[in-house]
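A short write-up of the structure that comes next.
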Protein chains: 2
Amino acid sequence: MEKLLRSKKIRITDFRISILNIFNKQSTALSIEEIETELGQFDRITLYRTLKLFKEKGILHEIAIAGSNVRLALCEQNCEDLHHHHHNHIHFHCVLCSEVYCLDVETYPEIGLAGFEVQQVEIQATGICKSCR
Amino acid sequence: MEKLLRSKKIRITDFRISILNIFNKQSTALSIEEIETELGQFDRITLYRTLKLFKEKGILHEIAIAGSNVRLALCEQNCEDLHHHHHNHIHFHCVLCSEVYCLDVETYPEIGLAGFEVQQVEIQATGICKSCR
DNA sequence: ATAATAATGCAACATTGTTGCATTATTATA
DNA sequence: TATAATAATGCAACAATGTTGCATTATTAT
Ligand SMILES: [Zn+2]
Ligand SMILES: [Zn+2]
Ligand SMILES: [Zn+2]
Ligand SMILES: [Zn+2]
């Protein structure tokens, strides 16, 4: 927790620790609304600033789902910043419980597009999750 | 244009026609801001309602990009509604011009996740587009 | 312990999207 | 083509989401 903040060279504060705690006890990605509920009493501006910083530092990654709220989840250890992630997982969105999971896949698909230089590939699967089946 | 609206069993209005015209002369996906610029003078509420309807009817599909604005693009002929699309293309987001392209791929990857029922797969590639290289 | 620096919390604001309702336009039918 | 039924538009007002400036407070380096 504090080690993570130290490694990213940002100050260790109570607020940041509590945000990290919330993500650590969760197995699925979280919406901002869910984080707010977990926090109880808090300052909205500080929350937004913290989430923005965590994304910039490669502590959290953002998952944008069409027709749904943005979700956030913890990054892998080796993510550098907003633009240099090193994930090898896909995002699964359950149509029943609407939870979003970060899931490892055996083989991550390669995408080739003539004339385009592909740098990163983000995959989102939609369907019914393990616990809703 | 009018044929499309008729086939979806919704009324033909000037506003809807002008929205469809904007999308037809464009090769890339559009942000709401871009649509507003193209429209010139318009009513914001009508625009939002029109876009919502078009998404529900399978006329437009929404592309959610992490850290960027939502984009919209025309659907394939056989898209039924919001939840029943029949696209076979991926979405490419250029890091230089930030345009979003709908691009056909030779083979659309299959995703298998033990315990999860996959119904749809959305793929987003990021990199440098044809015209920015 | 002190100074330098960064984070927080408040107010105020900006952007984005929604709801209710009267007016206007489209469509079906006679 | 005229009329009635129905749906879309445009306005006001609001709700939700996200941002900026600035004084106060906390963290860190010395
Ligand atoms: Zn589920
Ligand atoms: Zn993830
Ligand atoms: Zn480009
Ligand atoms: Zn598309």
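Just so we're on the same page: letters track the sequence lines, and every chain starts at 1.
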B:Lys52 NZ to C:dT16 P, straight-line distance once rounded to whole Å: 19 Å

Over all atoms of both residues, closest heavy-atom pair of B:Asn69 and B:Arg71: O-NE, 3.1 Å

Below 4.0 Å: OP1/OP2 of C:dG17 and any side-chain N or O of B:Tyr48: yes

Audit row: A:Gln124, A:Glu122, side chain to side chain donor-acceptor pair (under 3.5 Å) steps and yes/no: CA-CA 7 Å; A:Gln124 290 178 6; A:Glu122 147 85 355; 3.1 Å; yes

Ring geometry between A:His89 and A:His87 (parallel below 30°, tilted from 30 to 60°, perpendicular above 60°): parallel

Between C:dT26 (C1') and B:Lys9 (NZ): distance, integer Å: 17 Å

Residue A:Arg44, side-chain heavy atoms: nucleotide from D:dT19, C:dT26, D:dG10 that is nearest: D:dT19

Separation of atom CZ in B:Arg71 from atom C1' in C:dT16, rounded to whole Å: 16 Å

Given C:dG17, C:dG9, D:dT17, the nucleotide with the shortest approach to the side chain of A:Phe15: C:dG9

For atom CG of A:Leu47 and atom P of C:dT8, their distance in whole Å: 11 Å

C:dG9 phosphate, OP1 or OP2, under 4.0 Å from A:Thr46 side-chain N/O: yes

A:Lys57/A:Glu80 ion pair, N-O < 4.0 Å: no

Contact under 4.0 Å: B:Thr13 side-chain N or O vs D:dT9 OP1/OP2: yes

Partner nucleotide, any strand, of D:dT24 [Watson-Crick/G-U, under 3.5 Å]: C:dA7

Whole angstrom value for the distance that separates P of D:dT19 from CG of A:Leu53: 13 Å

Opposite nucleotide pairing with D:dA29, Watson-Crick or G-U, both atom distances under 3.5 Å: C:dT2

Sugar-phosphate only, base, or nothing, as touched by A:Arg49 at under 4.0 Å among non-hydrogen atoms: base

B:Leu113 and A:Tyr101, any side-chain heavy atoms less than 4.5 Å apart: no

Protein-nucleotide distance (B:Leu51, atom CG; C:dT16, atom P), rounded to Å: 14 Å

Whole-Å distance separating the CG atom of B:Asn69 from the P atom of C:dT16: 7 Å

B:Ile12 side-chain proximity, nearest of C:dT27, D:dA8, C:dT8: C:dT27

G-U wobble or Watson-Crick pairing nucleotide for C:dC13 (cut-off 3.5 Å, both distances): D:dG18

First of A:Arg11 and B:Val70 reached from the 5' end of DNA chain C, by closest nucleotide: A:Arg11

Whole angstrom value for the distance that separates P of D:dA15 from CD1 of B:Ile45: 15 Å

